[in-house]
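If you scroll down you'll find the structure; I have some questions about it.
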Amino acid sequence: MGDYELSNLLILGAGGHGKVVADAAMATGSWSGIAFLDSNKDLKEVLGFPVVGDIESYTFFLERFPAAFVAIGHNKTRLLWLEKLKQAGFQIPTIIHPASTISRFSSIGSGSIVMAGVVVNAATTIGEGCILNTSSSIDHDCIIERGVHLSPGVNVSGTVSIKSYTWLGVGAKVSNNVTIGSNVTVAAGAVVINNVSDHVMVAGVPAKIKKDFGDER
Ligand SMILES: CC(C)(COP(=O)(O)OP(=O)(O)OC[C@H]1O[C@@H](n2cnc3c(N)ncnc32)[C@H](O)[C@@H]1OP(=O)(O)O)[C@@H](O)C(=O)NCCC(=O)NCCS
């Protein structure tokens with residue numbers, strides 16, 4: 001049996017996001033090692049940690065790795081796998097990089113990751129399976145629903161609501177008291193100053209609707 005038996009966090013997805021998740025997980029000091037699952041059969045090792053199997057074989061690893069985490073960027077896909085892991089009986093941690101600043105008066109759901117440099121302010125609630133990427137910030141009294149991804153450098157002001165599966169591109173900014181709907185894409189660098197409806201892509205300063213996806217995504 002290989003060294004990976006000493007690992008105790010199983011990460012689904014060994015791509016770029018998986019690397020940063022693994023790095024943050026190890027920085028917490030909560031795990032002695034990592035094992036990845038990935039659909040790329042040629043991938044044997046990432047950051048010195050073993051890729052032990054295909055993502056579809058997750059149930060096989062439950063006994064050896066009681067805690068598991070999904071490192072897949074696409075929001076709906078990530079939440080789909082999160083549900084599968086929960087149903088199989090895995091523990092789903094919340095990973096918080098020690099170089100982030102999280103208010104004691106906030107809450108962050110399981111399966112969510114907080115990268116280095118993030119600030120979450122008081123009375124904010126973050127749902128499960130969210131990605132708060134490098135140096136993003138979320139101010140007071142926000143409600144961020146499940147499966148939301150804030151890309152690096154996103155700034156969300158106070159009393160903002162962001163519905164499920166929405167993705168904010170790198171450097172986007174959201175003004176205070178705004179609601180952004182479900183399944184929305186906010187383009188890189190956009191400044192959102194008005195409410196945004198569900199299933200659209202907005203871009204620009206100020207952000208305007210560029211595409212309407214319907215609800216097929
Ligand atoms: C929004 C995004 C996903 C592109 O979506 P898309 O559906 O492929 O959009 P298109 O490229 O077809 O562009 C549609 C329109 O939006 C505009 N647009 C796209 N991205 C834009 C941006 N960031 N700022 C301003 N306008 C933008 C295009 O110019 C185009 O405008 P037009 O119709 O007037 O010509 C992409 O531009 C983006 O911003 N990605 C974010 C990447 C990122 O943050 N990565 C971090 C990962 S951690």
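Quick caveat, the model's predicted, so the values are computed rather than measured. Each ligand, and each atom within it, is numbered from 1 in the order the structure gives. FYI, the numbering just counts along the sequence from 1.
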Would the number of heavy atoms belonging to other residues, nucleotides or ligands and lying under 6.0 Å from CD1 of Ile92 be above 12?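 It does: Ile92 CD1 has more than 12 such atoms within range.
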With a 3.5 Å distance limit and no angle check, can you tell me whether Ser136 reaches the backbone of Val154 through a side-chain donor-acceptor pair?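 It does not hold such a pair.
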So which of Thr185, Ile162, Val184 actually passes side-chain contact (heavy atoms from CB on, under 4.5 Å) with Leu168?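 With Leu168 as partner, Thr185, Ile162, Val184 yield a single side-chain contact (heavy atoms from CB on, under 4.5 Å), made by Ile162.
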Contact bool for atom 48 (S) of ligand 1 (protein heavy atom, d < 4.0 Å):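 So atom 48 (S) of ligand 1 has protein heavy-atom neighbours under 4.0 Å.
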Minimum non-hydrogen distance to atom 21 (C) of ligand 1, winning option of Gly204, Gly189, Ala187: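 Minimum heavy-atom distance to atom 21 (C) of ligand 1 goes to Ala187.
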Return yes if some donor-acceptor pair links the side-chain N/O of Ser151 with the main-chain N/O of Trp167 below 3.5 Å, else return no.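 No; zero donor-acceptor contacts below 3.5 Å.
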For atom 9 (O) of ligand 1, state which one of Lys208, His149, Met201 supplies the nearest heavy atom.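 Considering heavy atoms of Lys208, His149, Met201, the nearest to atom 9 (O) of ligand 1 sits in Met201.
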Below a 4.0 angstrom heavy-atom separation, can you tell me which part of Pro152, side chain or backbone, both or neither, approaches ligand 1?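 For Pro152, the contact with ligand 1 is made by the side chain alone.
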Given the rule in the side chain to side chain contact (heavy atoms under 4.5 Å, CB included) test, do Ser157 and Val174 qualify, once you have shown the distances and angles that lead to the verdict? CA-CA 6 Å; Ser157 311; Val174 184; 5.6 Å; no
Yes or no, since that's all I need: does a protein heavy atom fall within a distance strictly under 4.0 Å of atom 12 (O) of ligand 1?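 Yes.
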How many angstroms lie between OG in Ser30 and CD1 in Ile95, if you round to the nearest 0.5 Å?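 These two atoms lie 8.5 Å from each other.
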For Ser182, is there any backbone N or O sitting under 3.5 Å from a side-chain donor or acceptor partner on Asp198?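 Checking the backbone N and O of Ser182 against the side chain of Asp198, a donor-acceptor pair under 3.5 Å is found.
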So which heavy atom in the protein is nearest atom 46 (C) of ligand 1, and how far is it from that ligand atom?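 I find the closest protein heavy atom is Ser151 OG, 3.7 Å.
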Does one side chain, of His149 or Asn133, offer a donor that lies under 3.5 Å from an acceptor on the other?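 A pair is found: one side chain offers a donor N or O, the other an acceptor, under 3.5 Å apart.
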Looking at atom 33 (O) of ligand 1, would you say a protein heavy atom lies below 4.0 Å from it?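 No, no protein heavy atom sits under 4.0 Å from atom 33 (O) of ligand 1.
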Starting from atom 31 (O) of ligand 1, locate the nearest protein heavy atom and write down its residue, its atom name and how far away it is, to 0.1 Å.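 Checked against all protein heavy atoms, atom 31 (O) of ligand 1 sits closest to Lys210 NZ, 3.7 Å.
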Out of Gly169, Ala203, Ala188, Ser136, whose heavy atom is nearest to atom 38 (C) of ligand 1?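 Shortest heavy-atom distance from atom 38 (C) of ligand 1: Ala188.
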Closest protein heavy atom to atom 3 (C) of ligand 1, given as residue, atom name and distance to 0.1 Å: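 Residue, atom and distance for the closest contact: Trp167 CZ3, 3.8 Å.
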Just to verify, which of Asn183, Asp212, Thr166 counts as forming a side chain to side chain donor-acceptor pair (under 3.5 Å) with His199?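 Of the listed residues Asn183, Asp212, Thr166, the side chain to side chain donor-acceptor pair (under 3.5 Å) partner of His199 is Asn183.
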Can you tell me the protein heavy atom closest to atom 44 (O) of ligand 1 and the distance?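 Looking at atom 44 (O) of ligand 1, the protein heavy atom closest to it is Val170 N, 2.6 Å.
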Kindly indicate whether atom 42 (C) of ligand 1 is approached by any protein heavy atom to under 4.0 angstrom.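 Yes; the ligand atom in question has protein heavy-atom contact below 4.0 Å.
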Record the part of Lys211 in heavy-atom contact with ligand 1 below 4.0 Å; permitted values are side chain, backbone, both and neither.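 Only the side chain of Lys211 comes within reach of ligand 1.
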